[in-house]
Amino acid sequence: MPKERPLWRGSAFRLCLLSAALFLCLQLGMRRSWCTEEKPRSAAAAAAAAAAGRVPPSARGTEQHPVAAAGRRRVTYVRSGRRGSAEPGCCPLQPPGGRLRKTVKWHIELQPWASPTPSLNNEALRFLKYISTSQISCEHVNLNSLRGYSETAKKPWSVCLDERFSLIHRIRSKQCRLYSLGLGNDDNQFETSMANSGCEVHRFDPSIKSAHIQEGRHLWYHRLSIDWRDPNPAIAAHKLHSNTKKLGTVLNEFGHQKIDVLKADVESAEWKILENLILEDVVEQIGQLVFEVHVHWPGFEVSGNDSTVVRYWYSLLRELELKDFRLFHTYKDLSKPQVFLKKEAFNASSCYTLSWVNTRWK
């Protein structure tokens, strides 16, 4: 029969195991507390060394921002578009002089809809009422008093010759300037009359055979067209003809600061030309506008459904009003088809001639 082992030997063995486990736990706890105390000291030492211009040998090649080392936070630097630049890209740089560049606008601000529910009927009625209502009175709106004026003109191109505005005074002093934009139109009676009155007249038409033609003392013809393309660079780039330029560019090349009258008869390109003049602030250099506008279709570079198109037309004319231009004359051409956006509606003509005066013009 086997001999039984004493009970005290098993208890002693278990006691030894418990003691070893307890000892191991104490060692791990002491090491952990020691490491926690050492990390702030190391960070503080690194910061002090950096401030003194010294980097400890053990830290070379592994430098960390002290805040990142202590708090374990990820620091992300936003780089600018320039490769290799470490400057934060949060804020735009100011140009020399401390002024920010003027924000470039690619489109005019649209006016609110004419009604809570957009409709062609409401937009058309608002637009037609707007172009049919004079905003300022002008007693002398024709050229009868000017030398060389002929009644054979095909349509009235009305300018305001009241004494309170500067055009009549500049005509008398032979200092006025007229720009005329056309597209193969041979109706130049208005330009001839203004030139005979002593005004400097420049007619721009891409259909002219020669680059520049002088007719008489004050009348010039130029084989140029004014840019009517959409100004937004996000739209597919158009390859402009070499004879197409922005009006601001033409003014600079000709050395002209102001235009007393800008006349435009450009067969549905007038909407985008007018928008470009507003967006480029060139319109502020003009004393009076005489534009033939076409409403039988949206026009070049104008898109959207019918109600959107009419809202755009109306917003464009309101922008002129914000620039201190006031409508003083409207001519409804009854010889043209009575069509509004391809519809015989609203008792509208397909063509109107509108005249504005810049009330701030000096």
Gap separating the CG atom of Asn188 from the CD atom of Glu215, nearest 0.5 angstrom
6.5 Å
Give the cluster check for Trp113 versus Val309: same hydrophobic cluster or not, with ILVMFWY residues linked at side-chain heavy-atom distances below 4.5 Å.
no
State which residues pass side chain to side chain donor-acceptor pair (under 3.5 Å) with Ser355; sequence neighbours excluded, sorted by chain then number.
none
Is it true that Tyr179 and Trp220 fall in one hydrophobic cluster, defined by side-chain heavy atoms closer than 4.5 Å?
no
Test salt bridge (Lys or Arg N to Asp or Glu O under 4.0 Å) applied to Glu253 and Lys245, step by step:
CA-CA 11 Å; Glu253 291 181 353; Lys245 296 182 179 181; 2.7 Å; yes
Contacts of type ring-ring contact (aromatic ring centres under 6.0 Å, His included), residue Trp271, not counting sequence neighbours:
Trp313
Pairing of Glu191 and Arg203 as salt bridge, 4.0 angstrom limit
yes
ring-ring contact (aromatic ring centres under 6.0 Å, His included) partners for His222, two or more places apart
His202, Phe204, His212, Phe254
Tested for side-chain hydrogen bond (donor to acceptor under 3.5 Å, both in side chains) against Asp260, the lone hit among Gln288, Arg177, Arg170 is Arg170
For His140, check ring-ring contact (aromatic ring centres under 6.0 Å, His included) against everything at least two apart and list the hits.
none
Residue list, side-chain contact (heavy atoms from CB on, under 4.5 Å) with Glu267, at least two apart or on another chain
Leu183, Asp265, Glu292, His294
Sorted by chain and residue number, the disulfide (SG to SG under 2.5 Å) partners of Cys351 (sequence neighbours excluded) come out as none
For Phe300, ring-ring contact (aromatic ring centres under 6.0 Å, His included) partners two or more places apart
Trp228, Trp297
With sequence neighbours excluded, tell me which residues meet side chain to side chain donor-acceptor pair (under 3.5 Å) with Tyr352.
none
If we ignore hydrogens and angles and just use 3.5 Å, is the side chain of Thr244 paired with the main-chain N or O of Asp227 as donor and acceptor?
no
With sequence neighbours excluded, what pairs up with Leu322 under the side-chain contact (heavy atoms from CB on, under 4.5 Å) test?
Glu319
Can you list everything that forms a side-chain contact (heavy atoms from CB on, under 4.5 Å) with Arg223? Sequence neighbours excluded, please.
Ile208, Ala211, Asn243
Please collect all side-chain hydrogen bond (donor to acceptor under 3.5 Å, both in side chains) contacts where either partner lies in residues 342-351, sequence neighbours excluded, each pair once.
Asp306-Lys343
Within residues 113-140 or reaching into it, pairs that qualify as salt bridge (Lys or Arg N to Asp or Glu O under 4.0 Å) - sequence neighbours excluded:
Glu123-Arg126
